[in-house]
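Data block below; observations after.
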Amino acid sequence: MKIIRSIKGTRDFYPDEMARRMWLVDKLRQASEAFGYQQYEGPCLETIDLYAAKSGEELVKEQAFVFPDRGGDPITLRPELTPTLARMIASKQNELVFPARWWSFGPFWRYERPQKGRTREFYQWNIDLIGSDSVQADAELVSVAATFLKLVGLKSDQVQILVNDRRLMDRKLTEIGIGQDKKPEMLRMIDRIDKQPADVWEQNVADLGFSQEQIGKIRELLANRELWRESVELSQLFDFLALNGLDEYVRYEPKIIRGLDYYTGVVFEAHDVKEGFRAILGGGHYANLVGDVGGQPLPGVGFAMGDVVVMLVLEAFGLIPEELTHGETVLVTVFNEELLPDSMRLASELRSMGFGVVLAEPEKLAKQFKYADRLGLKKALVLGPDELAVGKVVVKDLRTFEQVVVDRDQIIASLK
RNA sequence: GUGCCUGUAGCUCAAUGGCAGAGUGCUUCACUGUGGAUGAAGAUGUUGAGGGUUCGAGCCCCUCCAGGCACCCCA
């Protein structure tokens, strides 16, 4: 029989993979809550109008899944969360407490060519601090990101958060004599300088009408690791990060610009240092979150992290725990048909004591143990005629192969 | 959306245009109260799909599908 294929770019999460995802969520929840952020969620379906105002052109026109509903109205599967957040904030702008610290984790869809680190359906952690324009706020979000990286076990020599400030770059471009109208083009080119060979890049920049002198100065600019000292904001940002003890995870990088147009200040991306994966997370400061959806102007800072790349990185560094499923679940064997009621009662008792219990079926004990082993369970109980006669139970450790005979009331202690 | 590469057993891979294989895993038994080992036996394939060339195609050609890599974009 032919199995009907899943939609291109989607993934099935079998129990082991689901356990890994939930482990990831647990970590990012910890990082979020460590800074007092509250979880929220919006709909996965939105109108196309919501994105028309805010998102990058390409993100909506080329990459969003859009299809008519049964009434013929266009429905969009959300390609990002920020516009939804903007609406939610704008709708209750007068009753929410600001600055608002919110985080979310959920599915998103983008019609892209699937490849390593990129799927069409992915999960994304979004976290934003809305209603503050301070450097403190910027530093806080970078700190949340660094805290997360630390929590999952990544070291600062494995992964780095690269930071820049668009205001600083804007000033430097002015100094080089690049007019306001040409800046977006130049910023785009800077953003992708490492993706093209040096000569190709220079040719492309020259084709846009920039002079050789300007190109030279841009190269100089991008090689200057100390450029951040010219920015009051970045200097302060690094001070704050040092106070949080997280500065080793963060470094200045003048090439970081980021594609989305709404970033107006500090921008940052986390990358692995050696393997060259895609960006693990990315975000920045925006001047006006809700203006385009009809609210009063509100600044903020936030970032997003997809589940795909971070899991690839964690996998590469061997940081995903092996045994995530069934840790505390025990197996109660069934000696034979006659003793099934006794095993069932035992299982029931254990459940009422808070244990997860898998009740086996009456087969050869060897099969039952093998089943427990393959499920990844750590303990198995045997209740046979011998044990039943003396009111005891065999508790077997499936890892060490050791087993002990214990009284019924001592089961809990032996399951620790 | 563009270019290039790949697709053989559950997994990793072999097979000059000439009988589809190995390792591993899986099932059963040795072992009717015990899953790690050992030994024995066994099952599993429309070689991604469809078409073409050929006496003959896993291998060559075309189309499609899926995956990977680089663009594009970005989490």
Side-chain angles (χ1 to χ4, degrees), chain A residues 1-11 14 24 28 55-64 78-82 104-127 145 188 191-192 194-197 200-201 204 257-261 263 268-271 276-284 302-313 331 333-336 339 360 362-388 394-403 405:
Chain A
M1 191 183 80
K2 207 164 215 171
I3 297 169
I4 294 169
R5 254 199 301 269
S6 56
I7 300 277
K8 181 176 182 153
T10 62
R11 293 164 294 163
Y14 289 79
L24 180 72
L28 59 89
S55 302
E57 286 279 297
E58 166 128 9
L59 193 58
V60 179
K61 286 187 178 160
E62 311 286 338
Q63 298 199 322
R78 62 181 185 183
E80 62 159 334
L81 190 60
T82 305
S104 183
F105 182 87
F108 295 85
W109 295 265
R110 290 183 193 172
Y111 197 81
E112 283 196 277
R113 181 105 173 230
Q115 52 189 286
K116 194 168 204 164
R118 284 293 176 269
T119 56
R120 288 184 173 178
E121 179 179 69
F122 58 96
Y123 288 81
Q124 197 178 65
W125 175 32
N126 282 265
I127 182 161
R188 274 180 83 75
D191 193 41
R192 64 191 65 172
D194 286 335
K195 295 199 165 183
Q196 301 168 358
V200 173
W201 184 81
N204 288 339
I257 298 294
R258 302 205 40 77
L260 295 172
D261 293 333
Y263 294 121
F268 56 94
E269 285 178 5
H271 285 263
F277 288 105
R278 295 162 179 275
I280 297 167
L281 58 86
F303 69 83
M305 181 185 81
D307 68 311
V308 184
V309 174
V310 70
M311 290 306 270
L312 285 173
V313 171
L331 182 109
T333 59
V334 177
F335 194 80
N336 55 32
L339 297 188
E363 293 179 286
K364 292 169 70 174
L365 274 181
K367 278 193 149 190
Q368 298 185 42
F369 281 117
K370 188 166 190 180
Y371 178 65
D373 190 41
R374 294 194 61 186
L375 281 178
L377 308 186
K378 293 194 181 99
K379 304 273 186 175
L381 306 190
V382 182
L383 186 57
D386 298 348
E387 290 78 22
L388 213 53
V394 168
V395 176
K396 175 157 183 164
D397 187 314
L398 293 166
R399 301 300 155 81
T400 62
F401 285 78
E402 288 164 7
Q403 61 181 46
V405 184

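Naming convention: chains lettered A, B, ... in sequence-line order (proteins, then strands); numbering from 1 in each chain.
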Scan [X] against the nucleic acid and name what it touches under 4.0 Å (heavy atoms): base, sugar-phosphate only, or nothing.
X	answer
A:Ile280	sugar-phosphate
A:Asn126	nothing
A:Thr119	base
A:Phe335	base
A:Glu121	nothing
A:Arg110	base
A:Val382	base

Spacing between [X] atom [atom1] and [N] atom [atom2], to the nearest angstrom:
X	N	atom1	atom2	value
A:Asp373	B:C26	CG	C1'	15 Å
A:Gln63	B:A75	CD	P	10 Å
A:Phe369	B:U34	CZ	P	9 Å
A:Glu402	B:G35	CD	P	16 Å
A:Leu312	B:A75	CG	P	16 Å
A:Asp194	B:C72	CG	C1'	17 Å
A:Leu388	B:G33	CG	C1'	14 Å
A:Arg188	B:C72	CZ	P	9 Å

Using the [atom1] atom as the reference point in each nucleotide, state the distance between [N] and [M] in Å, no decimals.
N	M	atom1	answer
B:U6	B:U63	P	15 Å
B:G48	B:U27	C1'	27 Å
B:G25	B:A43	C1'	13 Å
B:G58	B:A14	C1'	11 Å
B:U8	B:A15	P	14 Å
B:C29	B:G36	P	13 Å
B:A75	B:A37	C1'	47 Å
B:C19	B:C72	C1'	49 Å

What's the closest nucleotide to the side chain of [X] if the choices are [options]?
X	options	value
A:Pro114	B:G67, B:C73, B:G33	B:G67
A:Arg192	B:G35, B:U27, B:C73	B:C73
A:Lys370	B:G35, B:C73, B:G33	B:G35
A:Phe122	B:C26, B:C73, B:A75	B:A75
A:Gln115	B:A70, B:A66, B:G33	B:A70
A:Val308	B:A30, B:A75, B:G35	B:A75
A:Lys116	B:A75, B:C73, B:C69	B:C69
A:Gln403	B:G67, B:U34, B:C69	B:U34
A:Phe401	B:G35, B:C74, B:U34	B:G35
A:Lys364	B:C29, B:U34, B:C72	B:C29

Just verifying a value: how many Å separate [X] [atom1] and [Y] [atom2], rounded to the nearest 0.5 Å?
X	Y	atom1	atom2	result
A:Lys378	A:Leu331	NZ	CG	14.5 Å
A:Tyr123	A:Leu24	OH	CG	12.0 Å
A:Phe303	A:Ile280	CZ	CD1	11.5 Å
A:Asp397	A:Lys379	CG	NZ	4.0 Å
A:Ile7	A:Arg120	CD1	CZ	9.5 Å
A:Gln124	A:Leu281	CD	CG	10.5 Å

Partner of A:Phe369 under side-chain contact (heavy atoms from CB on, under 4.5 Å), chosen from A:Arg374, A:Lys364, A:Lys396: A:Lys396

Can you find a side chain N or O atom of [X] that sits less than 4.0 Å from OP1 or OP2 on [N]?
X	N	value
A:Lys396	B:G33	no
A:Lys367	B:U34	no
A:Arg113	B:A70	no
A:Arg399	B:G36	no
A:Arg118	B:G68	no

Determine which nucleotide pairs with [N], using a 3.5 Å limit on both distances of a Watson-Crick or G-U wobble pair.
N	result
B:G1	B:C71
B:G45	none
B:G58	none
B:A40	B:U28
B:C13	B:G21
B:U6	B:A66

Please step through side-chain contact (heavy atoms from CB on, under 4.5 Å) for the pair A:Lys370 and A:Glu363, ending with a clear verdict. CA-CA 11 Å; A:Lys370 188 166 190 180; A:Glu363 293 179 286; over 6 Å; no

Step through the shown structure and confirm whether more than 12 heavy atoms of other residues, nucleotides or ligands are within 6.0 Å of OH on A:Tyr371. no

Hey, which of these two, A:Arg258 or A:Gly9, hits RNA chain B nearer its 5' end, going by closest nucleotide? A:Gly9

Earlier contact from the 5' end, RNA chain B, for A:Ala304 and A:Asp397: A:Asp397

Answer yes or no: side-chain N or O of A:Arg278 and base N or O of B:A75 forming a donor-acceptor pair under 3.5 Å. no

Under 3.5 Å, is there any donor-acceptor pair linking the side chain of A:Glu112 to the base of B:A75? yes

Okay, side chain of A:Gln368, backbone of A:Val334: is any donor-acceptor separation there less than 3.5 Å? yes

Using centres under 5.5 Å plus planes under 30 degrees as the test, is A:Tyr371 stacked with B:G35? no

